[in-house]
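Worksheet: one structure, shown below.
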Amino acid sequence: MPELPEVETIVRELRQQVMGKTIARVSVHWERSVQGQVDEFKRRLAGMAISAISRRGKFIGFELHDGTFFTIHLRMTGKLVQKLDAAGQKHVRVEFRFQDGSALYFVDARKFGRLRLWPCQSQSCPNLGPEPLNPASVLSVLFGLSTRRPVKTVLLDQTVLAGVGNIYADEALYAAGIHPLTPAARLSAGQRRKLSRSVPKVLKQAIRRRGTTLRDYRTLADRSGENQEYLQVYGRADQPCFTCGAPIEKIRIAGRSSHFCPCCQKL
DNA sequence: AACAGCACCTGTAGGC
DNA sequence: TGCCTACAGGTGCTGT
């Protein structure tokens, strides 16, 4: 479900809502949602105040007062909510109770999401590429690419850039006029420059609109995003391209649905 | 190295 | 209503 803009939106709300609160107790209702030892996870968090909340790629990071650091990755259907409705009730996997009586629930229908304790923040989330919000850093990554893998697959590779997912990969490629199957090594210098600008642009616009809600995604405040109103290609198979009117095509690349305009994004 | 395929899970939508 | 299939915003593993 959530890609970088959705996670960033959630992190901003978490900072307002749970920063500084002290975790009284953690209950784990689905053990596999926690990677590693569940008992240790619960023990290390209990009694600790949350001192910082961060984002790295699609990971949400929580730093506790004693330096303990843990992350939440929402994967496809993970959500953080402060109140449980009937649907939420059914899928609560982990429950944080705070000393002030409030709560934070990790709700996850498909059970793909993961919570994980790390030795410290600097040793967390290894193998992630740079953040894709700055054109200069994206440009240096793109100029370093010599693989023949399709550029769409490369954008989804979290070790290349951290946080780009299926929606924004398609949107950024459309904005740059690049066919998703183009081998990364064959991108021209001009294409690399265009893509280095479109990736951050598409992500930042989506952050401003609090993310894209297609089905499940809701912010912590249980609002939907607004970016779905502005998608150019994702989810628009067979509909006319807003630029040239040609029907948007949908193909499968590395197992993921991929949308593009056959006229504006030639191979 | 790179890729396909599948595993992990559940819910929903569409065809019949 | 029910049954079946396909599909879903992510990642990680295995085998070729």
Side-chain angles (χ1 to χ4, degrees), chain A residues 1-10 29-36 55-60 71-80 85-94 106-116 124-129 132 144-174 180-186 202-203 206-207 209-219 224-238 250-259:
Chain A
M1 170 215 338
E3 306 181 28
L4 186 153
E6 291 74 33
V7 176
E8 177 64 26
T9 302
I10 292 167
H29 304 292
W30 178 257
E31 303 235 322
R32 287 156 75 180
S33 294
V34 175
Q35 281 186 296
R55 180 193 59 71
R56 176 80 176 95
K58 301 172 193 171
F59 288 84
I60 303 169
T71 54
I72 300 181
H73 196 302
L74 302 169
R75 294 280 183 92
M76 294 288 271
T77 52
K79 267 178 254 202
L80 290 171
D85 55 13
Q89 212 56 271
K90 200 172 164 187
H91 304 301
V92 195
R93 308 304 178 197
V94 179
F106 172 66
V107 174
D108 186 16
R110 290 178 73 180
K111 301 175 175 170
F112 290 167
R114 292 289 178 265
L115 284 67
R116 177 168 182 172
S124 67
C125 316
N127 310 323
L128 282 185
L145 290 177
S146 56
T147 174
R148 285 157 46 175
R149 302 158 74 198
V151 60
K152 165 76 186 271
T153 310
V154 174
L155 289 179
L156 292 180
D157 184 338
Q158 301 298 296
T159 69
V160 175
L161 286 173
V164 180
N166 208 26
I167 296 176
Y168 302 109
D170 282 4
E171 293 296 317
L173 287 168
Y174 173 79
L181 283 176
T182 310
R186 291 228 323 254
V202 156
L203 293 171
I207 292 171
R209 296 167 184 149
R210 299 193 321 277
T212 302
T213 297
L214 297 176
R215 321 171 194 7
D216 315 295
Y217 163 70
R218 308 238 121 207
T219 73
S224 57
E226 284 161 13
N227 195 245
Q228 62 279 9
E229 314 286 337
Y230 300 88
L231 295 177
Q232 303 293 298
V233 287
Y234 191 88
R236 296 195 64 248
D238 303 325
K250 177 178 171 179
I251 60 174
R252 214 152 253 287
I253 302 173
R256 315 299 303 281
S257 64
S258 305
H259 312 71

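This one's a predicted model, so the numbers in the text were calculated from it and none came from an experiment. Residue numbers begin at 1 in each chain, while the letters A, B, ... track the order of the sequences.
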message: Distance check, P atoms only: C:dT5 and B:dC6, in whole angstrom units.
response: 15 Å
message: Nearest to the side chain of A:Lys111, heavy atoms from C-beta on, is which of C:dA8, C:dG9, B:dC9?
response: B:dC9
List every contact pair, protein side and nucleotides 3-6 of chain B side both N or O, where the distance is under 3.5 Å.
{"from": "B:dC3", "atom 1": "OP2", "to": "A:Arg149", "atom 2": "NE", "distance (Å)": "3.2"}

field: Length of the line joining A:Asn166:CG and C:dC7:C1', which is rounded to integer Å
entry: 12 Å
message: Any base atoms under 4.0 Å from A:Arg114, or only sugar-phosphate, or nothing? Heavy atoms, all strands.
response: nothing
query: Just to confirm, is there a sub-4.0 Å distance from OP1 or OP2 of B:dC9 to any side-chain nitrogen or oxygen of A:His91?
result: no
task: Would you check, one step at a time, whether the test side-chain contact (heavy atoms from CB on, under 4.5 Å) holds for A:Leu74 with A:Lys79?
output: CA-CA 6 Å; A:Leu74 302 169; A:Lys79 267 178 254 202; 5.8 Å; no
Heavy-atom side-chain contact between A:Leu80 and A:Ile60 under 4.5 Å: yes
message: I need the CG-C1' distance between A:Asn127 and C:dG12, as an integer number of Å.
response: 12 Å
Residues that A:Thr213 engages under side chain to side chain contact (heavy atoms under 4.5 Å, CB included), provided they are two or more places apart: A:Tyr217, A:Ser224, A:Gln228
I'd like a table of donor-acceptor pairs (distance under 3.5 Å, sequence neighbours excluded) in which one partner is a side-chain atom from residues 147-154 of chain A, with atom names and distances.
{"from": "A:Thr147", "atom 1": "OG1", "to": "A:Arg149", "atom 2": "N", "distance (Å)": "3.0"}
{"from": "A:Arg149", "atom 1": "NH1", "to": "A:Asp157", "atom 2": "OD2", "distance (Å)": "3.2"}
{"from": "A:Lys152", "atom 1": "NZ", "to": "A:Asn166", "atom 2": "OD1", "distance (Å)": "2.6"}
{"from": "A:Lys152", "atom 1": "NZ", "to": "A:Asp170", "atom 2": "OD1", "distance (Å)": "2.7"}
{"from": "A:Lys152", "atom 1": "NZ", "to": "A:Ser257", "atom 2": "O", "distance (Å)": "3.3"}
{"from": "A:Lys152", "atom 1": "NZ", "to": "A:Ser258", "atom 2": "OG", "distance (Å)": "2.9"}

query: A:Ala109 side chain: which of B:dC9, C:dG9, B:dG11 is closest?
result: B:dG11
query: Say you pick atom P in C:dT14 and the same atom in B:dC9; how far apart are they, in whole Å?
result: 16 Å
- prompt: Picking from B:dC8, B:dT10, C:dA8, which would you name as closest to the side chain of A:Arg215?
  reply: C:dA8
message: Applying side-chain hydrogen bond (donor to acceptor under 3.5 Å, both in side chains), can you list everything that pairs with A:Arg116, at least two apart in sequence or on another chain?
response: none
query: With sequence neighbours left out, what residues match A:Phe59 under side chain to side chain contact (heavy atoms under 4.5 Å, CB included)?
result: A:Thr71, A:His73, A:Cys125, A:Leu128
- prompt: Nearest to the side chain of A:Met76, which nucleotide is it out of B:dC9, C:dT11, C:dG9?
  reply: C:dG9
Sugar-phosphate only, base, or nothing, as touched by A:Ser257 at under 4.0 Å among non-hydrogen atoms: sugar-phosphate
C:dG9 to B:dA13 separation - P atoms, rounded to the nearest Å: 16 Å
- line: When rounded to whole Å, the CG to C1' distance for the pair A:Leu4 and C:dT11 reads 16 Å
message: Starting the side chain at C-beta, find the nucleotide from B:dC9, C:dG9, B:dG11 nearest to A:Tyr217.
response: C:dG9
field: Minimum-distance nucleotide (side-chain atoms of A:Lys90 versus B:dG11, B:dC9, C:dG9)
entry: B:dG11
message: With a cut-off of less than 4.0 Å, is there a side-chain N or O of A:His73 near OP1 or OP2 of C:dG10?
response: no
task: Could you state the atom-to-atom distance from NZ of A:Lys79 to P of C:dG9 in whole Å?
output: 16 Å
- prompt: How many Å lie between CG on A:Leu155 and P on C:dG10, as a whole number?
  reply: 12 Å
task: Give each stem of DNA chain C as a range with a range, requiring at least 3 consecutive Watson-Crick or G-U wobble pairs whose two distances are under 3.5 Å.
output: B:2-8 with C:10-16, B:10-16 with C:2-8
query: Under the criteria of a ring-centre distance below 5.5 Å and an interplanar angle below 30°, is A:Phe112 stacked with the base of C:dG10?
result: yes
message: Base, sugar-phosphate or nothing for A:Ile167? Non-hydrogen atoms, less than 4.0 Å.
response: sugar-phosphate
message: Between C1' on C:dC7 and CG on A:Asp216, what's the gap in Å once rounded to a whole number?
response: 13 Å
query: Quick one: side-chain hydrogen bond (donor to acceptor under 3.5 Å, both in side chains) partners of A:Glu6, sequence neighbours excluded?
result: A:Tyr168
- request: Apply side-chain hydrogen bond (donor to acceptor under 3.5 Å, both in side chains) to A:Tyr174 and list each qualifying residue two or more places apart in sequence or on a separate chain.
  value: A:Thr243
message: Less than 4.5 Å apart, side chain to side chain, heavy atoms only: is that true for A:Pro132 and A:Leu4?
response: yes
task: Calculate the interatomic distance between A:Arg110 atom CZ and B:dC9 atom P; express it in whole Å.
output: 11 Å
field: Distance between P atoms of B:dG5 and C:dA6 (Å, rounded)
entry: 15 Å
query: Any chance CD of A:Glu31 has more than 12 other-residue heavy atoms, nucleotides or ligands included, within less than 6.0 Å?
result: no
message: Less than 4.0 angstrom between a side-chain N/O of A:Gln158 and OP1 or OP2 of C:dT11, yes or no?
response: yes
- request: Provide, to the nearest angstrom, the distance between the CZ atom belonging to A:Arg75 and the C1' atom belonging to C:dG12.
  value: 7 Å
query: Looking at residues at least two apart in the chain, or sitting in another chain, which of them share a side chain to side chain contact (heavy atoms under 4.5 Å, CB included) with A:Asp108?
result: A:Thr77, A:Arg93, A:Phe106
